[in-house]
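Below: one structure, written as structure tokens.
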Amino acid sequence: MIRINQINLKAGPALAEREEELLKSKIKRLLKLKDKEEFTYEIVKRSLDARKKPVIFYSYTVDVEGLNENEVIKRAKGSQISVVEPARYRFPSSGGERLKIEDFQSVLERSMVIKKEHRPVIIGTGPAGLFCGYMLAIHGYRPILLERGMDVEHRCEKVEEFWKTGRLDTECNIQFGEGGAGTFSDGKLNTLVKDKDGRSRQVLSIFVTSGAPKDILYDGKPHIGTDILTNVVKNMRETIIAHGGEVHFNTKVTDLCIENGRIKALIVEKREKGKKGEGKKARIETDVAVLAIGHSARDTFQMLYERKVSMEAKAFAVGLRAEHPQELIDSIQYGMERPGYLPPAAYKVTAKAKDGRGVYSFCMCPGGYVVNASSEEGHLAVNGMSYSRRDGQNANSAIIVSVTPKDYGSSHPLGGIEFQRRLEERAYEIGNGKVPVEYYGDFKRAVWGEKKDTGYDGTYGQYMPRIKGQWQFAKAHNIMPDALNRAFVEGMEAFGRKIPGFAADGVILSGIESRTSSPVRIHRGENGQSEIGGLFPCGEGAGYAGGIMSAAMDGIRIAEQIAREYQTQRSKVICDEK
């Protein structure tokens, strides 16, 4: 296969309308092909290059097939042209081939699902749990998925109700429910995780198979909005069920049964849809359980700690959401008013405070919304979200400051959770249960010890917050400790020197952004298992991922480990029988 890097085409109406034609013509010229030489190509990557703004280019990497590679390479010499063999993802069972839906009933007879005593159980249906379950299902392992929240359709109704009324369902919200916290986010699908085994491409392919747009396979910054993600999540669930898996909603794991250092069963509480209070208790026998619980399952972390599951506190980051007019970000990034053929512009900024803390943007949402993402009564947390069109008036991003276990005031493994809770309690109190909002000018002056407030009387009011949920102006500078506030302001001022207007007095802040990643890491070995045999910590909540893509990839990784575990058991059974 011939790969061509850095094919540059000028962004504009012509490219938007005739991309395939223009790209094919450029490939023919670069490879010096004759008219009769036919070929096919696939876009591997497409990214926006604004370094020569306001002239904007799209840069492509493509793979070309159907040609005599040796002959073409001799003819078309150049550093951007090479012969490659792309990595192909293979699941470690059944030769890497996925089952047809109609074949799953015959799997047991064909020994793909080996003589384990019970089916694998996955706790949580965020990206990690969902992709783990999907891979196990299509390869015949008939997993059982347990989700404390509701299916995505009813979950969306619950979230909308909370935003309108402030009535919180602590078991079904932005944090809990089918699809996990990522369902109500910007839906970014880029990751810094190295991917020599092809898991990243596999994740994107599954998304496309489940209803996502095909361009996420090659966009340099792939994105699925909340409106599309909800449908994708539903389709993945239906595929799992069609292949013999089960998905149980309103079902929370409340305890583990451990014998001789191995998992033997799970105790669950089944809640009737729409009802509060304790549900019916049940016991699920299993010797393989995946902990894909998400970063906000604080009661589950407590239960695991009490069951002596090995874990430790880890560093993460906290901060506030900053909103700017999307037009401002567009004009800065593109050097002009954004034309319709370009997407809303994004940004990424980093700095270091005087005390050494990192300050950086996180989950930047072009044309998005700040959302009330709370999951506990009397506590308030925010996040960012966007729809697929990203057509909101404001851009927003979390500007966050790194924190370590030294900041928690405790050496306890769950010290980071208590640190989060203290911040969220303050945010709730300061905003009277609503999202507290403050202009950056007022925030900065308060941190620097200047008493003058100018924002509340409308002095800055050039634009208003775009928030899903109830909000009010309040003194958000009272949420974080002084050291974090100072680092936050130092970071904002540094960003303002790089991006004109970024640190203007009228920038809108809201908080607290406290759920950036898990404050806990549950230990696991090279085989993916905890010290408790058969217990597989997985994904963001367990401390092994930091977003939709990395969590989904970790879910696939754990599915592979489970498949190897089953195969090991099969080999042992065969040897014993002989």
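Every value quoted in this text rests on a predicted model; they were computed, and no experiment measured them. In what follows, every heavy atom counts, from backbone to side chain, and hydrogens, waters and symmetry copies are set aside. Just so you know, residue 1 is the first one in the sequence shown, and it goes up from there.
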Between Lys444 and Asp505, is there a salt bridge with N-O shorter than 4.0 Å?
yes

Does Lys498 have more than 12 heavy atoms from other residues, nucleotides or ligands lying within 6.0 Å of its NZ?
yes

Would you mind reporting whether Leu48 and Pro343 have side-chain heavy atoms less than 4.5 Å apart?
yes

Would the distance check show the side chain of Thr516 and the main-chain N or O of Ala317 forming a donor-acceptor pair, the cut-off being under 3.5 Å?
yes

Atom pair CH2/NZ of Trp471 and Lys434 - distance to nearest 0.5 Å:
10.0 Å

4.5 Å side-chain heavy-atom contact, Val121 and Leu145
no

How about Lys221: does its NZ atom have over 12 heavy atoms from other parts shown lying under 6.0 Å from it?
no

Quick one, Leu535 and Leu256 - any side-chain contact, counting heavy atoms below 4.5 Å?
yes

Distance check, rounded to the nearest 0.5 Å: Ile508 atom CD1 versus Phe473 atom CZ?
6.5 Å

Using a strict threshold of under 4.0 Å (side-chain N to carboxylate O), is an ion pair present between Arg271 and Glu171?
no

Run His295 and Ser518 through side chain to side chain donor-acceptor pair (under 3.5 Å) and show every step you take.
CA-CA 5 Å; His295 57 40; Ser518 180; over 6 Å; no

Parallel, tilted or perpendicular: which fits the ring planes of Tyr347 and Phe502, with parallel below 30° and perpendicular above 60°?
perpendicular

Smallest separation among heavy atoms of Met311 and Phe301, with atom names:
CE-O, 3.9 Å

With side chains defined as the heavy atoms from C-beta onward, is the minimum distance between Glu513 and Asn383 less than 4.5 Å?
yes

Show the numbers, then the answer: is there a side-chain contact (heavy atoms from CB on, under 4.5 Å) between Ile144 and Ile122?
CA-CA 6 Å; Ile144 299 171; Ile122 298 168; over 6 Å; no

Output yes when Arg167 and Glu161 qualify as a salt bridge under the 4.0 Å nitrogen-oxygen rule, no when they do not.
yes

Using a strict cut-off of less than 4.0 Å between a Lys/Arg side-chain nitrogen and an Asp/Glu carboxylate oxygen, indicate whether Arg426 and Glu429 qualify as a salt bridge.
no

Does OH in Tyr305 sit with more than 12 non-hydrogen atoms of other residues, nucleotides or ligands closer than 6.0 Å?
no

Please step through side chain to side chain donor-acceptor pair (under 3.5 Å) for the pair Glu377 and His379, ending with a clear verdict.
CA-CA 5 Å; Glu377 295 285 2; His379 297 72; over 6 Å; no

Does this structure show an ion pair linking Arg237 with Glu147, if we count only N-O contacts that are shorter than 4.0 Å?
no

CD (Glu327) with more than 12 external heavy atoms under 6.0 Å
no

Given the options Arg466, Glu323, Arg321, Asn396 meets side chain to side chain donor-acceptor pair (under 3.5 Å) only with Arg321

Rounded to the nearest 0.5 Å, what's the gap from SG on Cys538 to CD1 on Ile556? Could you check?
10.0 Å

For the side chain of Glu178 and the backbone of Asp151, is there at least one donor-acceptor N/O pair under 3.5 Å apart?
no

Mind listing the closest non-hydrogen atom pair of Pro436 and Ala427 along with its distance?
CG-O, 3.7 Å

Between the main-chain N or O of Asn372 and the side-chain N or O of Ser374, is there a donor-acceptor pair closer than 3.5 Å?
no

Is any side-chain heavy atom of Asn432 closer than 4.5 Å to a side-chain heavy atom of Gln472?
yes

Any heavy-atom pair between the side chains of Phe176 and Ser375 that's under 4.5 Å?
yes

Using every non-hydrogen atom in the two residues, find where Ala487 and Val359 come nearest and quote the distance to one decimal.
O-CG2, 3.4 Å

Evaluate whether atom NZ of Lys214 has more than 12 neighbouring non-hydrogen atoms of other residues, nucleotides or ligands under 6.0 angstrom away.
no

Nearest 0.5 Å, please: how far is OG in Ser200 from CG in Asn190?
9.5 Å

Would you mind reporting whether Phe316 and Gln420 have side-chain heavy atoms less than 4.5 Å apart?
yes

Calculate, to the nearest 0.5 Å, the distance between atoms OG1 and CD belonging to Thr254 and Glu269 respectively.
6.0 Å

Considering only NZ, NE, NH1 and NH2 on the basic side and carboxylate oxygens on the acidic side, decide whether Asp299 and Lys252 come within less than 4.0 Å.
yes

Cation-pi between Arg524 and Tyr544: NZ/CZ under 6.0 Å from ring centre and within 45° of the ring axis?
yes

Please list, chain by chain and in numerical order, all residues satisfying side-chain contact (heavy atoms from CB on, under 4.5 Å) with Pro366, sequence neighbours excluded.
Asp186, Gln326, Pro344, Ala346, Met364, Arg390

Quick one: ring pair (Phe, Tyr, Trp, His ring centres under 6.0 Å) partners of Phe184, sequence neighbours excluded?
none

Would you call the rings of Phe131 and Phe207 parallel, tilted or perpendicular if under 30° counts as parallel and over 60° as perpendicular?
perpendicular

Determine whether a donor-acceptor pair (N or O, by modelled atom type, separation under 3.5 Å) exists between the side chain of His412 and the backbone of Ser410.
no

Nearest heavy-atom approach of Ala373 to Ile174 is CB-CG2, 3.8 Å

Are the side chain of Ser185 and the backbone of Ala181 linked by a donor-acceptor contact shorter than 3.5 Å?
no

Answer yes or no: are there more than 12 heavy-atom neighbours, outside Lys270 itself, under 6.0 Å from its atom NZ?
yes

List the atom of Asn485, the atom of His477, and the distance in Å for their closest heavy-atom pair.
ND2-O, 2.8 Å

Under 4.0 Å between a Lys/Arg side-chain N and an Asp/Glu carboxylate O for Arg155 and Asp169?
no

Mark yes when over 12 heavy atoms from residues, nucleotides or ligands other than Glu337 sit less than 6.0 Å from its CD; otherwise mark no.
no

Using a strict 4.0 Å threshold on nitrogen-to-oxygen distance, state whether Glu376 and Arg298 make a salt bridge.
yes

Would you list the pairs meeting side chain to side chain donor-acceptor pair (under 3.5 Å) in which at least one residue belongs to residues 349-369, sequence neighbours left out?
Asp355-Arg357, Arg357-Asp407

